[in-house]
Amino acid sequence: MNHDDQPSIITSTIDWDAPGRQVGHLNVPHSSELSAWGVLRVPVACIRGGEGPTFLVTAGNHGDEYEGPVAVQKLWRSLSPDQLSGRVILMPALNLPALLEGKRLSPIDGQNMNRVFPGDPRGSITRRIADYVTRELVARADIALDMHSGGKSLNFIPSAIVHELDDAERMTQTMAALEAFRAPVGLVIEELEPEGTLDTLVESRGKLFLSTELGGAGMLTPETVRIAERGLRNLLVHFGLVEGQIEGPATRLMAVPDTDHYVLAEDDGIFEPTLALGESVEAGQCVGRIHFPATPEREPTEHRAERGGVVFCLRPLGGTKRGDCLLVIARDRD
Ligand SMILES: [Zn+2]
């Protein structure tokens with residue numbers, strides 16, 4: 001059921017169109033066992049200086065991905081309106097309940113925030129937050145960046161990510177931003193499941209969108225945090241929001257042009273990768289095996305790459321179920 005015509009019951013402490021530095025939260029009504037009339041307070045900041053574009057930065061869409069939340073919190077504390085030509089809206093904990101528990105999905109309603117956009121003002125709590133973001137924040141944004149990492153079950157070469165767009169001019173602008181982020185890899189990807197993502201929503205509204213996959217395995221490294229912070233700052237410079245230089249080595253442009261570049265598990269068992277993240281792979285090459293702990297006599301199932309390229313994403317967990325994503329191969333972009 002579509003409730004787009006109904007108002008949101010979420011309120012905020014921020015006047016989104018006022019100048020200056022405002023930090024506060026969304027009040028998301030959440031009546032629970034021990035908090036009958038309680039709210040979830042989702043942190044938001046709006047920093048507005050002189051004339052310029054509006055840049056929406058979200059992180060914590062999945063609660064087990066940490067580079068984005070840390071980088072956005074650092075920016076939150078350091079950015080002042082007198083440095084700024086335009087407006088920056090920061091939401092470092094989009095799915096706050098998930099982030100507080102280190103879970104990919106909301107522990108309240110079990111929903112995946114990045115599958116429920118544009119959201120629903122009368123849906124469960126994750127859908128309500130998505131609806132508020134759609135109607136109040138995406139509506140005001142010219143540019144949006146949603147910072148992801150691999151979470152507990154994937155690990156990536158740190159990357160900034162965009163999609164192939166039909167609009168050639170918008171694609172050129174998007175590629176320029178992708179390169180400006182200066183992640184080790186700038187990737188143009190075909191998603192397995194684009195429906196319901198913030199990416200698809202923002203792109204459908206005709207705004208410029210970037211995402212990231214900055215690491216993963218449910219952890220942070222000094223390098224991935226540096227790449228996140230530098231990339232965020234580089235985009236502020238690229239879009240003319242702050243003065244400065246784009247920093248970092250040139251990005252390697254790569255592509256995952258179709259879903260043949262994904263290798264999915266054929267069986268339940270223990271995943272033994274035979275290649276490391278960043279290694280080259282030939283089409284047909286063995287990339288990993290699934291072993292069967294209850295039946296050691298049985299030969300493991302070999303998994304082969306359909307396409308050649310570089311191991312761009314790798315499952316960091318041994319225990320695996322049939323259908324899990326084991327790895328993704330990227331190739332250099334033509
Ligand atoms: Zn994610």
Side-chain angles (χ1 to χ4, degrees), residues 42 56-73 90-119 125-127 129-130 133-134 137-138 144-163 178 181 183-203 209-221 224-225 227-229 231-232 235 256 259 262 264 277 312-317 323-328 330:
V42 180
L56 170 64
V57 185
T58 51
N61 184 329
H62 295 128
D64 59 351
E65 304 173 3
Y66 300 110
E67 286 83 357
V70 168
V72 177
Q73 288 175 54
L90 301 175
M91 206 169 169
L94 188 57
N95 195 341
L96 179 67
L99 196 55
L100 292 175
E101 293 199 14
K103 291 180 180 302
R104 177 171 175 80
L105 310 179
S106 170
I108 297 174
D109 60 12
Q111 295 284 299
N112 180 342
M113 175 69 80
N114 216 28
R115 297 294 182 276
V116 303
F117 280 92
I125 197 156
T126 305
R127 292 175 187 275
I129 295 169
V133 169
T134 299
L137 307 186
V138 173
L145 169 69
D146 189 31
M147 301 183 80
H148 289 253
S149 300
K152 287 191 286 288
S153 70
L154 295 173
N155 198 12
F156 287 86
I157 300 175
S159 303
I161 301 210
V162 300
H163 305 111
L178 180 72
F181 192 95
V185 166
L187 190 84
V188 182
I189 195 168
E190 179 70 27
E191 307 265 2
L192 276 180
E193 196 186 356
E195 197 60 31
T197 62
L198 180 54
D199 318 39
T200 299
L201 181 266
V202 173
E203 287 164 1
F209 182 83
L210 281 97
S211 178
T212 64
E213 296 291 358
L214 290 164
M219 63 181 285
L220 291 166
T221 72
T224 57
V225 174
I227 292 165
E229 288 180 58
L232 190 47
L235 287 186
V256 176
T259 51
Y262 292 71
L264 306 180
L277 202 57
F312 159 73
C313 165
L314 188 61
R315 180 176 175 83
L317 298 175
D324 287 342
C325 181
L326 300 179
L327 70 157
V328 181

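Predicted model, so just to flag it, every value in this text is computed and none were measured. Numbering of ligands and ligand atoms starts at 1, following listing order. Numbers for residues simply follow the sequence, beginning at 1.
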Trainee: For the Zn ion (ligand 1), which protein N/O/S atoms fall under 2.8 Å? Skip waters.
Mentor: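 The answer, once waters are left aside, is His62 ND1, Glu65 OE1, Glu65 OE2, His148 ND1.
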Trainee: List in chain and number order the residues that pass salt bridge (Lys or Arg N to Asp or Glu O under 4.0 Å) with Glu190, two or more places apart in sequence or in another chain; answer none if no residue qualifies.
Mentor: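 Listed in chain order: nothing, the list is empty.
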Trainee: Checking the side chain of Ser106 only, and the main-chain atoms of Ala98 only, is there a donor and an acceptor separated by less than 3.5 Å?
Mentor: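 Checking the backbone N and O of Ala98 against the side chain of Ser106, no donor-acceptor pair under 3.5 Å is found.
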Trainee: Who are the ring pair (Phe, Tyr, Trp, His ring centres under 6.0 Å) partners of Phe312, not counting sequence neighbours?
Mentor: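 By the ring pair (Phe, Tyr, Trp, His ring centres under 6.0 Å) rule, Phe312 matches Phe156.
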Trainee: Could you check if a side-chain atom of Leu187 sits within less than 4.5 angstrom of a side-chain atom of Glu213, using non-hydrogen atoms only?
Mentor: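 In short, these two side chains do not touch, never coming nearer than 4.5 Å.
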Trainee: Quick check against the 3.5 Å criterion: does Thr212 have a side-chain atom that pairs as donor or acceptor with the backbone of His148?
Mentor: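 Looks like yes, one N/O pair under 3.5 Å.
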Trainee: Any salt bridge (Lys or Arg N to Asp or Glu O under 4.0 Å) pairs touching residues 92-111, not counting sequence neighbours?
Mentor: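 Of all non-adjacent pairs touching residues 92-111, those that pass salt bridge (Lys or Arg N to Asp or Glu O under 4.0 Å) are Glu65-Arg104.
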